[in-house]
Every structure is written in structure tokens, then in C-alpha cells.
Amino acid sequence: MAAGLLVAVAFLWRKPYVKPYRLPLALLLGGAVGNMIDRVFRGYVVDFIQVGTFPVFNIADIFVVTGVALLALLVLKKRARQQRKGSGMKKAP
């Protein structure tokens with residue numbers, strides 16, 4: 001999965017429409033590659049951060065979650081902006 005993500009992001013990285021999404025994609029990709037490296041060399045992912053009763057996680061997991069959250073916020077913000085722009089242009093009959 002991480003290898004496919006790496007190929008897709010590398011292919012799309014230079015496209016102009018991807019520019020606003022580069023930070024979240026970089027975080028997502030960095031976390032995925034970090035976990036992939038653990039899986040390749042250890043056979044499992046090392047999770048070492050525990051906060052209370054929350055499941056144990058690692059820094060790569062933080063990057064993945066942050067990247068996905070930022071990507072979702074950017075997409076939702078763009079969609080809301082397009083809807084506002086579209087609704088302002090419609091004329092009543």
C-alpha cells in the first residue's frame with residue numbers, strides 16, 4: 001500500500017492542482033513509508049507511544065493521521081468555497 005502511495009504521489013507531485021495538497025500528502029507519505037520500513041526490516045511496526053488508555057502508536061502514525069486530517073480539511077474547504085461560488089451565481093426565474 002505504501003509503495004503504491006509513493007508512486008501515485010511522485011507522479012502527481014508536479015501537477016499544479018496538487019500544490020495546495022503537498023503538505024498533507026508529504027505527511028501521509030512520510031508516515032506510510034516509515035511504517036513500511038518497519039514492516040520490511042522487522043516484519044512488524046514498532047509502536048512505542050502510549051497515552052493513558054488510548055491505543056499505542058508511533059510517530060509515523062501521527063504523520064498519517066495528521067496528513068489525512070489536513071487533506072480532509074482542505075478538500076472540505078474547497079468544496080464549501082465552490083458551493084458558495086456556485087450558489088451566488090444562480091439566478092431566480
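Every residue two or more places apart in sequence or in another chain was checked for a side chain to side chain contact (heavy atoms under 4.5 Å, CB included) with Val65, and none qualifies. Checked against side-chain hydrogen bond (donor to acceptor under 3.5 Å, both in side chains), Asn35 has the following partners two or more places apart in sequence or in another chain: Asn58, Asp61.
Leu25 and Met36 end up in the same hydrophobic cluster when Ile, Leu, Val, Met, Phe, Trp and Tyr side chains are linked at under 4.5 Å.
If you chain together ILVMFWY residues whose side-chain heavy atoms come under 4.5 Å of each other, Phe48 ends up grouped with Leu23, Leu27, Tyr44, Val46, Ile49, Val51, Phe54, Phe57, Ile59, Ile62, Phe63, Leu70.
Residue pairs meeting the salt bridge (Lys or Arg N to Asp or Glu O under 4.0 Å) criterion with at least one partner in residues 32-45, sequence neighbours excluded, are Asp38-Arg42.
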Sequence neighbours left out, cut at 3.5 Å: what donor-acceptor pairs do the side chains of residues 5-22 make with other protein atoms?
from  : atom 1 : to    : atom 2 : distance (Å)
Arg22 : NE     : Trp13 : O      : 3.1
Arg22 : NH2    : Trp13 : O      : 2.7

Which donor-acceptor pairs under 3.5 Å do the side chains of residues 73-80 make with protein atoms, sequence neighbours left out?
none

